[in-house]
Q: 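The structure's right below; bear with me while I get my questions together.
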Amino acid sequence: MRTKIVAGNWKMNNDLAETQTLIEQLIQQGDFSNKRVMIAPTAVHLSAAKSALSASKIEVVAQNMHQAEAGAYTGEISGKMLKGIDVNTVILGHSERRAYFGETDAILEEKVAAALKQDIEVIFCFGEELEDRKAGNHFEVVASQIKNALFALDAAALKHIILAYEPVWAIGTGETASPEQAQEMHAFIRNLLAEKYGEATAQATSILYGGSVKPNNAQEIFSKADVDGGLIGGASLKAEDFFAIVKSL
Ligand code: PEP
């Protein structure tokens with residue numbers, strides 16, 4: 001059975017006091033079972049979040065990392081640094097990183113390899129732009145993003161990758177892919193994995209949906225056979241909303 005996951009991407013939100021308050025509120029929401037729940041605060045607050053959640057099952061993950069092990073890369077954070085504070089999962093390939101920070105498939109391929117080398121699990125994000133969907137190219141775009149960044153990996157390495165399909169037109173827009181659109185794409189992705197890695201690997205890989213998931217639409221999206229959870233942006237900033245989404249899974 002695939003692991004069910006809800007991950008909250010806090011992006012560049014929350015100062016330290018707000019981070020601590022939100023974490024306290026999350027802890028108060030209570031326990032959960034049979035799924036992984038993660039939060040991704042800004043890198044500056046990863047250590048504080050780890051301490052605050054030391055007795056909780058909620059996992060702390062990073063929003064990004066650099067592909068080099070160390071060196072003259074001002075302002076960047078390495079996988080080794082994340083590992084050093086016991087952060088064992090990183091989000092890579094988010095559409096905001098691709099759009100605003102020039103992250104290409106080639107860079108992402110390097111970042112994925114660098115994370116896996118440090119034994120850091122990857123939540124790998126990808127998804128088409130609105131023009132791609134309108135032009136009917138969305139399957140092609142998604143397939144090339146996945147193939148270019150991931151298909152050099154072998155099946156053993158792929159076990160450390162969580163996929164997150166995030167159509168760019170649905171991120172932070174209030175526009176959600178319909179549950180049918182999400183299922184159609186997730187089934188396509190699983191089939192792509194099956195062709196490359198075999199059915200067992202494809203069936204074991206968690207594929208999350210991201211893009212304006214809210215408490216009022218989460219259950220329907222999560223009910224789809226190939227949707228194994230969600231990557232949540234805006235709604236992860238409110239403990240009650242985030243946990244309502246966690247409970248929908
Ligand atoms: C995201 O940024 O990964 C995301 C899914 O954002 P939102 O939920 O706000 O659309």
Side-chain angles (χ1 to χ4, degrees), residues 4-14 18-19 22 26 35-43 45-46 49 58-65 87 89-103 108 111-112 115 121-130 132-133 138 141-142 145-146 149 161-179 181-183 185-186 189 206-222 224 226-249:
K4 303 273 186 193
I5 301 166
V6 179
N9 175 10
W10 290 5
K11 310 191 183 188
M12 197 174 72
N13 291 298
N14 293 335
E18 289 163 341
T19 293
L22 183 48
L26 287 174
K35 59 191 121 181
R36 294 175 68 188
V37 175
M38 308 174 179
I39 56 161
T42 173
H45 299 148
L46 286 170
I58 299 173
E59 299 169 43
V60 177
V61 318
Q63 296 177 17
N64 182 35
M65 60 169 263
V87 169
T89 305
V90 64
I91 298 171
L92 292 176
H94 192 280
S95 62
E96 288 149 16
R97 300 290 321 168
R98 292 175 189 259
Y100 308 143
F101 302 97
E103 291 195 1
L108 290 168
K111 287 194 172 202
V112 169
E121 170 188 57
V122 173
I123 300 176
F124 182 73
C125 306
F126 53 87
E128 82 281 1
E129 312 253 352
L130 187 56
D132 302 319
R133 185 159 277 269
H138 43 296
V141 168
V142 162
Q145 288 172 325
I146 293 174
I161 308 283
I162 297 159
L163 297 179
Y165 168 56
E166 298 208 300
V168 178
W169 48 271
I171 295 181
T173 58
E175 183 97 28
T176 321
S178 69
Q181 285 172 320
Q183 169 57 27
M185 183 58 87
H186 284 222
I189 295 161
S206 297
I207 309 177
L208 315 184
Y209 169 79
S212 297
V213 176
K214 306 288 177 205
N216 64 3
N217 61 21
Q219 194 156 21
E220 217 189 331
I221 295 170
F222 294 163
K224 295 297 177 190
D226 287 292
V227 178
D228 305 310
L231 182 54
I232 318 298
S236 70
L237 296 170
K238 272 196 182 164
E240 229 172 273
D241 288 356
F242 186 59
F243 255 74
I245 294 169
V246 168
K247 282 174 191 151
S248 305
L249 183 62

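Whatever order the structure lists them in is the order used to number ligands and atoms, beginning at 1.
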Q: Starting from atom 8 (O) of ligand 1, locate the nearest protein heavy atom and write down its residue, its atom name and how far away it is, to 0.1 Å.
A: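 Answer, as residue, atom name and distance: G233 N, 2.9 Å.
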Q: Considering heavy atoms of the protein only, find what lies nearest to atom 3 (O) of ligand 1 and give residue, atom and distance to 0.1 Å.
A: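 Result: E166 OE2, 2.7 Å.
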Q: Closer than 4.0 Å to some heavy atom of A170 - which atoms of ligand 1 meet that?
A: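 In order of numbering, the contacting atoms are 10 (O).
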Q: Could you list the atoms of ligand 1 found under 4.0 angstrom from a heavy atom of G211?
A: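 Once the distances to G211 are compared, the set is 5 (C), 10 (O).
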Q: Short question: side chain of N13, backbone of W10 - any donor-acceptor pair under 3.5 Å?
A: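 At least one qualifying donor-acceptor pair exists.
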Q: With a 3.5 Å distance limit and no angle check, can you tell me whether Y165 reaches the backbone of P167 through a side-chain donor-acceptor pair?
A: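 Not a single qualifying donor-acceptor pair exists.
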Q: Give the atom numbers and elements of ligand 1 that come within less than 4.0 Å of a heavy atom of G172.
A: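 By the 4.0 Å cutoff, the relevant atoms are 7 (P), 9 (O), 10 (O).
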Q: Is there a donor-acceptor contact under 3.5 Å from the side chain of T176 to the main chain of S178?
A: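 Side chain of T176 to backbone of S178, a donor-acceptor pair under 3.5 Å: no, none is there.
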Q: Can a salt bridge be assigned to the pair E166 and R98 using a cut-off of 4.0 Å between side-chain N and carboxylate O?
A: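 Judged by the 4.0 Å cut-off on N to carboxylate O distance, E166 and R98 do not form a salt bridge.
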Q: Atoms of ligand 1 less than 4.0 Å from G234 heavy atoms?
A: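 With G234 as reference, the close atoms of ligand 1 come out as 7 (P), 8 (O), 9 (O).
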Q: Is a side-chain N or O of S236 found less than 3.5 angstrom from the main chain of G8, in a donor-acceptor match?
A: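 Here the side-chain-to-backbone pair does not exist.
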Q: Provide the number and element of each atom of ligand 1 under 4.0 Å from a heavy atom of K11.
A: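 Answer for ligand 1: 1 (C), 2 (O), 6 (O).
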Q: List ligand 1 atoms under 4.0 Å from S212, heavy atoms only on the residue side.
A: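 Every atom of ligand 1 under 4.0 Å from some heavy atom of S212: 7 (P), 8 (O), 10 (O).
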Q: Tell me whether I232 has any N or O atom under 3.5 angstrom from an N or O of ligand 1.
A: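 Between I232 and ligand 1 (N or O atoms, distance only) the closest approach is not under 3.5 Å.
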Q: Passes side chain to side chain contact (heavy atoms under 4.5 Å, CB included), I207 versus V227? Steps please.
A: CA-CA 6 Å; I207 309 177; V227 178; over 6 Å; no
Q: Kindly indicate whether the side chain of F243, heavy atoms from C-beta on, has any atom under 4.5 Å from the side chain of L26.
A: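 F243 vs L26: side chains touch.
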Q: Within the 4.0 Å heavy-atom shell around H94, which atoms of ligand 1 are there?
A: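 Heavy-atom distances to H94 below 4.0 Å select 1 (C), 2 (O), 3 (O).
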